[in-house]
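Below: the structure, in structure tokens.
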Amino acid sequence: MDILDLRKIGFTEGEVKVYDALLGLGETKRAQLVKKSGVSPSKIYDIINRLAEKGLVSSVKKHGTLHFSAATPKRLKDFLDQKENELEKERQL
């Protein structure tokens, strides 16, 4: 799956940019993520939280500073499978 295809499955432009930047950077701090992704510093935490809810981003605090990293792209398949199951349950109602 091409990273841009994420928009086709409901990801926002900001989510695509942040996830793509994290894939390129590896574990990183907010400032580097803002610079690489081009996303506004005021929106970065909201986007990271949405990606974390999807299981695609994790964070760890090191020396008092949050560091973020992307889950492997294989995790996208798990996310899609979960969404497919949720849709199937909705259809059965």
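- Ile48 CD1 to Leu22 CG: the interatomic distance, rounded to the nearest 0.5 Å, is 6.5 Å.
- How far CG of Asp78 is from OG1 of Thr72: 9.5 Å, rounded to the nearest 0.5 Å.
- Under the salt bridge (Lys or Arg N to Asp or Glu O under 4.0 Å) criterion, Lys77 pairs with Asp81, not counting sequence neighbours.
- Atom-to-atom distance recorded for Asp46:CG and Leu51:CG is 11.0 Å, nearest 0.5 angstrom.
- Residues passing the side chain to side chain donor-acceptor pair (under 3.5 Å) test with Ser59: none are found, sequence neighbours excluded.
- In terms of the side chain to side chain donor-acceptor pair (under 3.5 Å) criterion, residue partners of Ser42 (sequence neighbours excluded) are, by chain and number, Ser40.
- Under the salt bridge (Lys or Arg N to Asp or Glu O under 4.0 Å) criterion, Glu86 pairs with Lys83, not counting sequence neighbours.
- Gln92 is linked by a side chain to side chain contact (heavy atoms under 4.5 Å, CB included) to Glu88, counting only residues two or more places apart in sequence or in another chain.
- Taking both residues in full, the closest heavy atoms of Thr65 and His67 are given as O-ND1, 3.1 Å, listed atom of the first, atom of the second, then distance.
- For Glu90, there are no salt bridge (Lys or Arg N to Asp or Glu O under 4.0 Å) partners at least two apart in sequence or on another chain.
- The two residues Tyr45 and Arg30 have their closest heavy-atom pair at OH-CD, 3.2 Å.
- Counting heavy atoms from C-beta on, the side chains of Ile9 and Leu80 come closer than 4.5 Å.
- Residues Val57 and Ser69 are not in side-chain contact: their nearest non-hydrogen atoms beyond the backbone lie 4.5 Å or more apart.
- The stretch residues 52-70 participates, sequence neighbours left out, in these salt bridge (charged side-chain N to carboxylate O under 4.0 Å, His left out) pairs: Glu15-Lys54, Glu27-Lys62.
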* To do: Apply the test side-chain contact (heavy atoms from CB on, under 4.5 Å) to residues Leu56 and Leu76: give CA-CA distance (whole Å), side-chain angles for both, the deciding distance (0.1 Å), then the verdict.
  => CA-CA 7 Å; Leu56 298 173; Leu76 286 169; 3.6 Å; yes

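- Screening residues 17-26 for side chain to side chain donor-acceptor pair (under 3.5 Å) gives no qualifying pairs among residues at least two apart or on separate chains.
- Of all heavy-atom pairs between Val34 and Val39, the closest is CG1-O, 3.4 Å.
- In this structure, the side chain to side chain contact (heavy atoms under 4.5 Å, CB included) partners of Ala21, at least two apart in sequence or on a different chain, are Leu33, Lys36, Ser37.
- Listed by chain and number, the residues in a ring pair (Phe, Tyr, Trp, His ring centres under 6.0 Å) with Phe11 are Phe79 (sequence neighbours excluded).
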